[in-house]
Amino acid sequence: MLQNKPYIVSSASKVAAAALLALLVVAVSVAWDHSKEHTKQNASWASDSVGSSDPVVVGAGDIASCDDLAGAYATAKLIEHIPGTVVAIGDLAYPDGSDQNFANCYAPTWGRFKDRTRPAPGNHEYHVDGASGYARYFGAAAGDSTKGYYSYDLGSWHIVALNSECFEVGGCGPNSPQGRWLKQDLEQHPGACTLAYFHKPLFSSGAKHGNDLSVLPLWRMLYAGGADLILGGHDHDYERFAPQNPDGNLDNQHGIREFVVGSGGKNSHREFGPTKPNSEVRNADTFGVLKLSLHRSGYDWEFVPESGKTFTDRGSGICH
């Protein structure tokens, strides 16, 4: 007859069971850590995705010279790889802004991005009566054809395109049509970060043109309205200034940072004169575009050079 005997667990079996339990604890711990890390990585990815949705502005002035389109083609190739709004900051076709020059010179280069371009006129556009070729080419994207100034919003930013050919539009002073419009426009957007662009810069170390006091009234109104950035061209180079007031004094609290980006492709007037106060960076031998990433309370800038060149300039700033 079979008899029931007590089951005795040996010391070796106890050790094996304990080891198995320890392995299970380690496995669960590793799986939990992996889950937490995966969650953290997903959160980081989501955060990066939100940041990457901030609007981008890219542009330059002084672009397509019909006697030599190499520079315009070089900068257009850069824009192919940069999404966002293209700002074309005046003197877009040389020697003048005729229908023919826009069709034959601007269209095959920067014209490929016409559907996302918001332009401002330069002096060469007005070599044709009333900048009519420019107005016909861009249509409603350039605002009222009799004015050449307008505004729009990108994300949390307010963007103002102005006409620095003051004589052609009744002046740039506070009592001119453009001045009254600008003052009202800024008053209607008091809380936004603000970017303005127009062809002629108030401050420039360029040897050909330099400072242009005709736009000083526009600067005064933009400064009073809390603007953060101004982009210009006219001198065919790149220059970045520290934040300053309209009188050219350093002002890190309320000043406007100006970029001269006349590096869009025109191959003349590419040298500097004496360096102006508060000029931080200058380059006159590289075609390129300025890329701005516009965040809720600040911005990043990057000068993107043509292929084969190494000069660049990048940094960040905060809105007032």
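Just so it is clear, the model here is predicted, and its values are computed rather than measured. Note: hydrogens, waters and symmetry copies are ignored here, and every other heavy atom, side chains too, is used.
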Test your reading of the model: is there a side-chain donor-acceptor pair from [X] to the backbone of [Y], 3.5 Å cut-off?
X: N211; Y: L213; result: no
X: S279; Y: K276; result: no
X: H124; Y: P95; result: yes
X: K147; Y: P177; result: no
X: K208; Y: H236; result: no
X: D91; Y: N123; result: yes
X: D300; Y: S316; result: no
X: R314; Y: W301; result: no
X: R257; Y: D228; result: no
X: H127; Y: G97; result: no

Judged by modelled atom types alone, do [X] and [Y] share a side-chain donor-acceptor pair under 3.5 Å?
X: D54; Y: H295; result: yes
X: S65; Y: K266; result: yes
X: H254; Y: N245; result: no
X: D67; Y: Y94; result: no

Would you find more than 12 non-hydrogen atoms of other residues, nucleotides or ligands less than 6.0 Å from [X] atom [atom1]?
X: K183; atom1: NZ; result: no
X: R296; atom1: CZ; result: no
X: K77; atom1: NZ; result: no

Identify the heavy atoms of [X] and [Y] that sit nearest to each other, and give their distance.
X: A207; Y: D235; answer: N-OD1, 4.5 Å
X: G133; Y: D99; answer: CA-OD1, 3.4 Å
X: I256; Y: I230; answer: CG2-CG1, 3.6 Å
X: T286; Y: P305; answer: CG2-CB, 3.6 Å
X: E306; Y: L78; answer: N-CD1, 3.9 Å
X: M221; Y: L186; answer: O-CD1, 3.4 Å

### Query
Taking F198 as the fixed residue, which of L222, V160, I89 is the one that meets the side chain to side chain contact (heavy atoms under 4.5 Å, CB included) rule?
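Testing F198 for a side chain to side chain contact (heavy atoms under 4.5 Å, CB included) against L222, V160, I89 leaves exactly one candidate, L222.
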### Query
For the side chain to side chain contact (heavy atoms under 4.5 Å, CB included) test, which of L154, L229, D153, T85 pairs with I159?
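Between I159 and the candidates, side chain to side chain contact (heavy atoms under 4.5 Å, CB included) is satisfied uniquely by L154.
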### Query
So among R282, R240, K291, which one has a salt bridge (charged side-chain N to carboxylate O under 4.0 Å, His left out) with D313?
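By the salt bridge (charged side-chain N to carboxylate O under 4.0 Å, His left out) criterion, D313 pairs with just one of R282, R240, K291: R240.
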### Query
Given the rule in the side-chain contact (heavy atoms from CB on, under 4.5 Å) test, do Y223 and Q244 qualify, once you have shown the distances and angles that lead to the verdict?
CA-CA 9 Å; Y223 180 80; Q244 53 191 333; over 6 Å; no
Are [Y] and [X] linked, directly or through intermediate hydrophobic residues, by side-chain heavy-atom contacts shorter than 4.5 Å (ILVMFWY only)?
X: F259; Y: F241; result: no
X: I63; Y: I79; result: yes
X: L92; Y: V289; result: yes
X: V261; Y: V281; result: yes
X: W219; Y: L231; result: no

### Task
Can you run down the side chain to side chain donor-acceptor pair (under 3.5 Å) pairs that involve residues 161-171, sequence neighbours left out, and say none if there aren't any?
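Passing the test, one end in residues 161-171: Y126-N163, E165-K200.
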Can you find a heavy atom in the side chain of [X] that is under 4.5 Å from one in the side chain of [Y]?
X: F203; Y: P277; answer: no
X: P201; Y: H234; answer: yes
X: F287; Y: K309; answer: no
X: R180; Y: L182; answer: no
X: S151; Y: W181; answer: yes
X: D251; Y: P243; answer: no
X: T194; Y: H320; answer: no

If you round to the nearest 0.5 Å, how far is [atom2] of [Y] from [atom1] of [X]?
X: C166; Y: L216; atom1: SG; atom2: CG; answer: 10.5 Å
X: Y73; Y: T109; atom1: OH; atom2: OG1; answer: 6.5 Å
X: Y137; Y: S98; atom1: OH; atom2: OG; answer: 12.5 Å

### Query
What orientation do Y238 and F303 show, parallel under 30°, tilted 30 to 60°, or perpendicular over 60°?
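Judged by the thresholds at 30° and 60°, the geometry between Y238 and F303 is tilted.
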### Query
Which residues satisfy the salt bridge (Lys or Arg N to Asp or Glu O under 4.0 Å) test with D96, sequence neighbours excluded?
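D96: no salt bridge (Lys or Arg N to Asp or Glu O under 4.0 Å) contacts found.
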### Message
For D247, is there an ion pair with R220 - N to carboxylate O distance below 4.0 angstrom?
### Response
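Between D247 and R220 there is a salt bridge, with a charged N closer than 4.0 Å to a carboxylate O.
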### Task
Determine, stepwise, if the pair E80 / R112 fulfils side-chain contact (heavy atoms from CB on, under 4.5 Å).
CA-CA 9 Å; E80 287 177 1; R112 288 179 286 158; 2.5 Å; yes
### Query
Cation-pi between R118 and Y197: NZ/CZ under 6.0 Å from ring centre and within 45° of the ring axis?
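Because its charged atom misses either the 6.0 Å distance or the 45° angle limit, R118 does not stack over Y197.
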### Task
Decide yes or no on side-chain contact (heavy atoms from CB on, under 4.5 Å) for F167 and S214, but give the supporting numbers first.
CA-CA 9 Å; F167 176 79; S214 68; over 6 Å; no
### Task
Measure from the ring center of Y134 to the ring center of Y106 and say whether it is less than 6.0 Å.
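No, they do not, as the ring centres are separated by 6.0 Å or more.
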